[in-house]
**Q** 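My questions will all concern the structure given below.
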Amino acid sequence: MRIQSIAPLLVPRESIGKCNLDGYEIPAKTLVFLNAWAIGRDPEVWENPEEFYPERFIGSSIDFKGQDFGLIPFGGGRRICPGLSMGIATVELSLANLLYKFNWEMPAGMKKEDIDTDVLSSITMHNKNDLFLMARDCF
C-alpha cells in the first residue's frame with residue numbers, strides 16, 4: 001500500500017481558508033490534490049523508500065488508518081475512505097486463501113532479481129509488466 005498504491009492521487013479537497021504551506025500561499029477555496037504515491041516514497045519520511053521491506057513496520061506505531069500522514073493509502077482524517085475495513089478484509093482473506101491453498105514458485109530459470117515492479121501511472125496504478133508466478137497444488 002505504500003510503494004504501489006492503487007490510486008496515486010487521493011480525492012481532491014478544497015481549502016476552507018487561506019494558509020501557508022512550506023512557503024507556498026494557498027488561497028481559500030483552492031482545489032488541493034494529495035499525492036499518496038509521492039508521500040509513500042518520500043525519503044524524508046521513509047528510510048530507503050524505494051525498497052520493499054515490510055519488516056520496517058514491526059514494532060512501529062505507523063498504521064494505514066489515516067492517523068500517520070506518511071502512509072495514507074485510504075486518505076485520512078474525517079474524510080477517510082469508508083471502504084477501508086472492507087477493502088483490507090477482502091485483501092487479507094484473498095491473500096490468506098491463496099497462500100494456504102497453493103505453493104508458489106517462479107518459472108524455471110527466473111530469479112528473484114528478475115521480478116519487475118515498475119508501474120504505469122494513470123488514474124489507477126498497475127504493473128508495467130506482468131508478474132509471473134506458478135501456483136502448485138499443495139494437497
Side-chain angles (χ1 to χ4, degrees):
M1 290 186 289
R2 182 186 68 82
I3 292 180
Q4 286 188 266
S5 57
I6 299 300
L9 298 176
L10 300 180
V11 176
R13 308 287 168 88
E14 185 178 279
S15 61
I16 56 175
K18 183 174 104 174
C19 65
N20 191 312
L21 183 63
D22 203 23
Y24 294 96
E25 188 170 303
I26 300 172
K29 301 274 188 193
T30 300
L31 198 59
V32 178
F33 290 85
L34 294 177
N35 189 338
W37 182 88
I39 292 169
R41 294 168 180 257
D42 186 352
E44 292 182 18
V45 176
W46 303 101
E47 184 178 333
N48 301 322
E50 298 290 328
E51 182 181 333
F52 178 71
Y53 182 66
E55 291 83 4
R56 75 176 76 222
F57 295 102
I58 294 175
S60 172
S61 65
I62 294 175
D63 70 12
F64 57 84
K65 297 177 182 155
Q67 301 305 311
D68 299 295
F69 294 106
L71 181 62
I72 52 172
F74 295 95
R78 66 182 183 187
R79 291 194 173 85
I80 194 165
C81 177
L84 183 149
S85 298
M86 185 177 71
I88 292 300
T90 302
V91 168
E92 285 179 352
L93 182 62
S94 300
L95 182 60
N97 275 305
L98 286 170
L99 293 174
Y100 176 74
K101 296 188 181 202
F102 298 100
N103 288 321
W104 294 91
E105 53 189 57
M106 289 184 274
M110 189 174 177
K111 297 184 290 276
K112 181 173 85 170
E113 296 80 28
D114 297 334
I115 295 175
D116 183 9
T117 58
D118 289 340
V119 294
L120 294 174
S121 296
S122 182
I123 291 175
T124 60
M125 305 285 282
H126 55 276
N127 285 353
K128 188 175 184 179
N129 297 306
D130 293 334
L131 174 63
F132 293 104
L133 291 174
M134 299 184 64
R136 301 276 187 214
D137 193 0
C138 63
F139 296 109

**Q** Under 6.0 Å from the CD atom of E44, do we count more than 12 heavy atoms belonging to anything else shown?
**A** no
**Q** How long is the span from the CD atom in E25 to the CG atom in N20, to the nearest 0.5 Å?
**A** 6.5 Å
**Q** Report the residues that fulfil side-chain contact (heavy atoms from CB on, under 4.5 Å) with P43, sequence neighbours left out, ordered by chain and then residue number.
**A**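 For P43, the residues satisfying side-chain contact (heavy atoms from CB on, under 4.5 Å) (neighbours in sequence not counted) are P49.
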**Q** Checking K111 now: which residues fulfil salt bridge (charged side-chain N to carboxylate O under 4.0 Å, His left out) with it, not counting sequence neighbours?
**A** none
**Q** Does L120, at its CG atom, have more than 12 non-hydrogen atoms belonging to other residues, nucleotides or ligands within less than 6.0 Å?
**A** yes
**Q** Between NZ of K128 and CG of D118, what distance do you get to the nearest 0.5 Å?
**A**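 With rounding to 0.5 Å, NZ (K128) is 5.5 Å from CG (D118).
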**Q** Under a single-linkage definition using a 4.5 Å side-chain heavy-atom cutoff for Ile, Leu, Val, Met, Phe, Trp and Tyr, are F102 and L133 assigned to the same hydrophobic cluster?
**A**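 Yes, F102 connects to L133 through the hydrophobic network.
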**Q** Which pairs of donor and acceptor atoms, one on a side chain in residues 71-99, lie under 3.5 Å apart (sequence neighbours left out)?
**A**
from, atom 1, to, atom 2, distance (Å)
T90, OG1, M86, O, 2.7
S94, OG, T90, O, 2.9
N97, ND2, L93, O, 3.0

**Q** Please report the C-alpha distance between N127 and Q4 in whole Å, then the side-chain angles of each, then the deciding distance to 0.1 Å, and finally whether the side-chain contact (heavy atoms from CB on, under 4.5 Å) criterion is met.
**A** CA-CA 9 Å; N127 285 353; Q4 286 188 266; 2.8 Å; yes
**Q** Among Ile, Leu, Val, Met, Phe, Trp and Tyr joined by side-chain contacts under 4.5 Å, find the other residues sharing a cluster with M125 and list them by chain and number.
**A** W37, V119
**Q** Got a sec, which hydrophobics cluster with V11, joining ILVMFWY side chains under 4.5 Å apart, including via others?
**A** none
**Q** More than 12 heavy atoms of other residues, nucleotides or ligands under 6.0 Å from CD of E47: is that the case?
**A** no
**Q** Short question: side chain of R2, backbone of G40 - any donor-acceptor pair under 3.5 Å?
**A** yes
**Q** Is there a side-chain contact between M134 and M106, using heavy atoms and a 4.5 Å cut-off?
**A** no
**Q** Taking all heavy atoms of A7 and all of A36, pick out the closest pair and write down the distance.
**A** O-CB, 4.4 Å
**Q** Output the distance between atom CE (M110) and atom CD1 (I115), rounded to the nearest 0.5 Å.
**A**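 One finds 5.5 Å between CE of M110 and CD1 of I115.
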**Q** Would you say that more than 12 heavy atoms from the other residues, nucleotides or ligands in this model lie under 6.0 Å from the CZ of F52, or not?
**A**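 It does not: F52 CZ has 12 such atoms or fewer within range.
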**Q** What pairs with E50 under salt bridge (charged side-chain N to carboxylate O under 4.0 Å, His left out), at least two apart in sequence or on another chain?
**A**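 Counting only residues at least two positions away or on another chain, E50 forms a salt bridge (charged side-chain N to carboxylate O under 4.0 Å, His left out) with R41.
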**Q** How long is the straight-line distance from CD1 of I26 back to SG of C19, given to the nearest 0.5 Å?
**A**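 Those atoms lie 4.5 Å apart.
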**Q** Main chain of G70, side chain of W46: is a donor-acceptor contact present, judged purely on distance under 3.5 Å?
**A**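 Here the side-chain-to-backbone pair exists.
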**Q** Tell me if a side-chain donor or acceptor on N35 pairs with a main-chain N or O of A38 at a distance below 3.5 Å.
**A**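 Answer holds: yes.
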**Q** Does T30 use its side chain to pair, donor to acceptor, with the backbone of E14 at less than 3.5 Å?
**A**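 No.
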**Q** Any side-chain heavy-atom pair from E51 and I3 closer than 4.5 angstrom?
**A** no
**Q** Would you check, one step at a time, whether the test side-chain contact (heavy atoms from CB on, under 4.5 Å) holds for R56 with I62?
**A** CA-CA 10 Å; R56 75 176 76 222; I62 294 175; over 6 Å; no
**Q** If you measure from CZ on F69 to CG on D42, what distance do you get to the nearest 0.5 Å?
**A**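 F69 CZ to D42 CG: 15.0 Å, rounded to 0.5 Å.
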